[in-house]
Structure formats: structure tokens, C-alpha cells
Amino acid sequence: MTQNIEIEFKNILTKNEYERLLRFFKVDKNQIFKQENHYFDTPNFSLKSKETALRIRKKGLNYEMTLKQPATVGLLETNQTISEDDAQLAIRTGKLPTGIIQRLIEESKVPYSTIEYFGSLITERVEFEYQQGLLVLDHSIYLDTEDYELEYEVENYQNGEKLFIELLEQFKIPTRLTENKIRRFYYRKYLQSNGNES
């Protein structure tokens with residue numbers, strides 16, 4: 001089990017902006033790797049209502065369950081390594097593995113047994129060091145949607161925000177209100193379930 005505070009800035013990109021950044025930073029196709037995120041919540045979105053998110057991520061041959069909870073600055077991220085069998089069981093049946101994440105969820109008064117599997121999002125990602133932080137370019141595919149995103153993960157909020165805004169200005173990319181991936185996923189799922197594909 002590991003815990004860390006995640007401070008990141010993000011901005012949705014157009015496909016052209018995404019490709020321009022790939023070219024500028026001389027990204028080789030071999031640097032891009034695939035991640036598969038599987039999202040979980042209760043039927044009435046109890047975790048989401050607490051600004052909390054739960055996912056299982058497949059990265060290469062490994063599986064990790066992650067709980068993201070609000071912190072004073074950024075998010076508190078708790079990671080629990082799980083087996084492929086546990087991951088597949090959770091995806092097929094919604095039955096999640098026991099451990100620290102179960103305890104944290106139950107401490108927040110959400111019954112662990114009511115959590116269900118909602119679906120998956122696949123991301124093609126490249127990441128590299130940039131100005132004392134980690135710059136990430138993502139191309140995500142989920143439900144009936146694909147999108148492009150720039151993320152900047154940092155240790156210091158004020159310094160990171162300044163550098164991120166300067167980067168956007170350098171490439172004349174407008175600042176766009178950007179929800180995290182799980183919120184974008186749930187929004188599309190909500191539209192689908194209500195028969196609204198716009």
C-alpha cells in the first residue's frame with residue numbers, strides 16, 4: 001500500500017493541439033504506452049458525491065486499485081496492488097478485494113458491498129520530465145467518445161500552476177475547464193443511459 005498527495009493541472013486538447021505537442025516534444029511512438037482504467041461506484045454515486053473516485057488500473061501486466069479522496073491541496077491517493085484474479089473478479093462481478101481501501105471507504109460511511117463496476121476507459125499515454133514536474137499527454141477512448149488531454153503533475157501547487165499556464169500560453173492553447181477522466185466517463189455514461197448522445 002502506498003499513499004501520496006497528487007497535485008496536477010489538466011487541460012482538454014483538440015486533436016491538432018495534441019499532435020502539435022507530440023511533435024514539439026519529439027515524442028516517439030515507442031514512448032506511448034496503454035493504460036486500462038476500470039471504474040467503480042455505488043448505483044447512486046455515493047463515492048462521487050464525496051468527491052472520491054475508485055478505479056482498478058491495468059498497466060502492462062500489473063493491476064492496482066486506487067482510491068482518490070479530497071485533500072487540503074490536491075488529492076490523497078491510496079494505491080493497493082492486487083492480483084489479476086482479484087481484478088478480473090471485480091470487473092466481472094463487482095466484488096472488490098479487501099484491504100486498506102475497503103477500510104477507508106467504509107470509514108467514509110459508504111458500504112463496500114454496494115459498490116458496482118461501471119465500465120472501462122483506455123488511455124494511450126506518454127509522460128516525461130518537464131520543469132520540475134511530470135508532463136503527460138493522454139489520448140483516451142471510452143464508451144462512444146475519445147478525447148485528448150494535457151496533464152502536469154507537480155510537488156508545489158503555486159509553482160506548478162504558473163508553469164502550466166505559461167506552457168498553454170506558449171502554444172496558444174485556451175484554458176478549458178477540464179473534469180478528471182472518471183467524471184468525463186460518468187457524464188458520457190449518464191447521457192447514454194438517458195438516451196441523449198449529444
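Just the heavy atoms: all of them, side chains too, but no hydrogens, waters or symmetry mates, feed the values below.
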Q: Would you sort out whether Ile173 and Leu21 count as a side-chain contact (heavy atoms from CB on, under 4.5 Å), showing the intermediate values?
A: CA-CA 10 Å; Ile173 296 171; Leu21 288 167; 4.0 Å; yes
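- Other residues, nucleotides and ligands contribute more than 12 heavy atoms inside 6.0 Å of the CD atom of Glu116.
- Taking the six-membered ring for Trp, Phe185 and Tyr190 have ring centres at least 6.0 Å apart.
- Applying side-chain contact (heavy atoms from CB on, under 4.5 Å) to Tyr112 and the options Thr42, Leu104, Leu96 leaves one that passes, Leu96.
- Judged by distance alone, with hydrogens and angles left aside, the side-chain atoms of Thr52 form a donor-acceptor pair with the main-chain N or O of Lys50 at under 3.5 Å.
- Remark: the Gln88 side chain and the Tyr63 side chain contain an N/O donor-acceptor pair separated by less than 3.5 Å.
- Ion pairing between a basic and an acidic side chain is recognised when a charged N comes within 4.0 Å of a carboxylate O; Lys29 and Glu124 show no such pairing.
- Each of Asn37, Thr123, Asp138 was scored for a side chain to side chain donor-acceptor pair (under 3.5 Å) with Lys181, with one residue passing: Asp138.
- Arg184 has no carboxylate O lying under 4.0 Å from a charged side-chain N of Glu179, or vice versa, which leaves the two without a salt bridge.
- A side-chain donor-acceptor contact under 3.5 Å links Gln132 and Asn159.
- Two rings, from Phe45 and Tyr186, have their centers less than 6.0 Å apart.
- Closest approach of Ser46 to Asp41, counting heavy atoms only: N-OD1, 3.2 Å.
- Formation of a donor-acceptor pair under 3.5 Å by the Asn11 side chain with backbone atoms of Glu149 is not found in this model.
- Using a 4.0 Å cut-off between charged side-chain N and carboxylate O, Lys34 and Glu36 make no salt bridge.
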